[in-house]
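What follows is a short report on a single structure.
Counting from 1, the numbers follow the sequence of the chain as shown.
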Amino acid sequence: MAAKKLPTVGFIGAGRTASVLACSLRDAGYRVVAIASRTRASAEHLAFITKALTRDAQSVADLADLVFITTPDDVIGSVAAGVAWRTDLQVVHTSGALTLEPLWPAKAAGAHVGSFHPIQTLLGAGQDSLEGVVFGVEAEGKLRDELWRMAQRLRGEAIDVPGPARALYHAAAVM
């Protein structure tokens with residue numbers, strides 16, 4: 001049986017979470033095809049991963065199969081509302097506290113939405129390993145399966161964290 005093809009990955013937001021995830025996913029065999037940031041300077045430290053650095057979130061959505069929104073929690077919803085999502089796209093935020101509600105604009109456009117939260121404080125590219133990390137996942141169907149497989153490829157472990165449990169989950173993760 002042939003191995004399932006890995007999705008191409010893009011990031012909207014180029015801070016610590018994106019830095020660690022992009023490097024770790026690249027090392028796990030994923031191809032990072034685009035990274036968007038409000039300022040080019042904050043994305044340039046990831047130039048060795050992809051040449052597709054942009055300020056335009058739409059470009060990331062146009063190039064990737066799976067888009068991580070790794071912005072601060074308070075702008076995830078506005079980012080999701082500002083992109084014309086494809087129906088075959090997978091859109092994931094990395095917030096531990098938020099449900100999938102901020103991603104409803106993507107879901108309304110037909111994208112598959114989810115959450116993939118590493119339960120670890122992240123320092124930045126080259127300073128963190130995700131080996132052994134637990135990832136809180138909220139997603140359904142094929143996207144859930146993809147995120148669980150991603151956690152395994154990162155040598156971590158996935159757990160399901162449904163929306164109603166997010167606040168308690170996040171409080172426990174912080175403690």
Side-chain angles (χ1 to χ4, degrees), residues 5-57 59-61 63-76 79-80 83 89-98 100 102-103 106 111-139 143-161 166 169-170 173-174:
K5 179 182 171 252
L6 297 176
T8 58
V9 179
F11 289 86
I12 300 172
R16 287 181 292 181
T17 300
S19 296
V20 173
L21 270 176
C23 291
S24 297
L25 289 171
R26 180 210 52 204
D27 293 347
Y30 291 84
R31 192 164 63 97
V32 178
V33 294
I35 299 171
S37 178
R38 286 178 295 130
T39 62
R40 187 160 183 86
S42 64
E44 284 181 349
H45 65 281
L46 294 174
F48 66 96
I49 292 181
T50 180
K51 302 249 188 277
L53 299 176
T54 179
R55 292 185 64 177
D56 180 17
S59 296
V60 177
L63 292 169
D65 300 322
L66 192 156
V67 174
F68 281 100
I69 300 178
T70 53
T71 62
D73 288 3
D74 61 340
V75 297
I76 291 172
V79 168
V83 174
L89 197 58
Q90 298 172 321
V91 182
V92 178
H93 72 60
T94 57
S95 170
L98 298 180
L100 300 182
L103 300 178
H112 306 279
V113 299
S115 176
F116 189 72
H117 174 252
I119 306 175
Q120 176 172 313
T121 300
L122 302 174
L123 301 175
Q127 300 173 1
D128 291 292
S129 167
L130 294 177
E131 185 172 344
V133 169
V134 175
F135 294 86
V137 173
E138 183 180 6
L143 178 55
R144 179 196 175 271
D145 296 343
E146 186 65 54
L147 294 175
W148 273 64
R149 180 170 66 138
M150 184 175 281
Q152 289 177 325
R153 290 187 67 89
L154 292 170
R155 297 189 180 132
E157 181 180 339
I159 60 170
D160 285 314
V161 183
R166 296 300 287 191
Y169 155 83
H170 190 253
V174 170

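Inter-residue side-chain proximity for L63 and T8 is flagged as unmet; no heavy-atom pair is nearer than 4.5 Å. Residues L130 and F135 form a side-chain contact, since some pair of their non-hydrogen atoms from C-beta on lies under 4.5 Å apart. Side-chain contact between V20 and Q120 is absent, with no heavy atoms from C-beta onward closer than 4.5 Å. For the pair L154/L25, a side-chain contact is recorded, criterion being any heavy-atom separation below 4.5 Å from C-beta on. By the 4.5 Å heavy-atom criterion applied to side chains, R38 and T71 are not counted as neighbours.
Taking the six-membered ring for Trp and thresholds of 30 and 60 degrees, F116 and F68 have ring planes inclined between 30 and 60 degrees apart.
Residue L66 holds its CG atom at 11.0 Å from NE2 of H112, rounded to the nearest 0.5 Å. Note that CD1 of I35 and CD1 of I12 are 11.5 Å apart. Values are rounded to the nearest 0.5 Å. In this structure, CZ in R31 is found 14.0 Å from CZ in R26, a value given to the nearest 0.5 Å.
When the side-chain contact (heavy atoms from CB on, under 4.5 Å) test is applied to D73, the partners found at least two apart in sequence or on another chain are I76, S95, A97, L98. A search for side-chain contact (heavy atoms from CB on, under 4.5 Å) contacts involving R155 returns E131, not counting sequence neighbours. By the salt bridge (charged side-chain N to carboxylate O under 4.0 Å, His left out) test, R144 is found to be paired with D160, residues two or more places apart in sequence or in another chain being considered. Here A106 pairs with W85, V91, A111, V113 under the side-chain contact (heavy atoms from CB on, under 4.5 Å) rule; sequence neighbours left out.
When every heavy atom of R166 is checked against every heavy atom of E138, the shortest pair comes out as CD-OE1, 3.7 Å. Scanning both residues, S37 and A14, for their nearest heavy atoms gives CB-CB, 3.8 Å. For the pair A61 and L89, the tightest heavy-atom approach, listed with the atom from each and the gap, is O-CD2, 3.9 Å. The shortest heavy-atom contact between G10 and A64 is N-CB, 3.5 Å.
Crowding of R153 atom CZ: a count of heavy atoms from other residues, nucleotides or ligands under 6.0 Å exceeding 12.
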Checklist entry - Can L103 and I69 be said to form a side chain to side chain contact (heavy atoms under 4.5 Å, CB included), step by step? => result CA-CA 10 Å; L103 300 178; I69 300 178; 3.8 Å; yes
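The side chain to side chain contact (heavy atoms under 4.5 Å, CB included) test with Y30 is passed by exactly one of L21, V9, D65: V9.
Without hydrogens or angle criteria, T70 side chain to G13 main chain gives a donor-acceptor distance under 3.5 Å.
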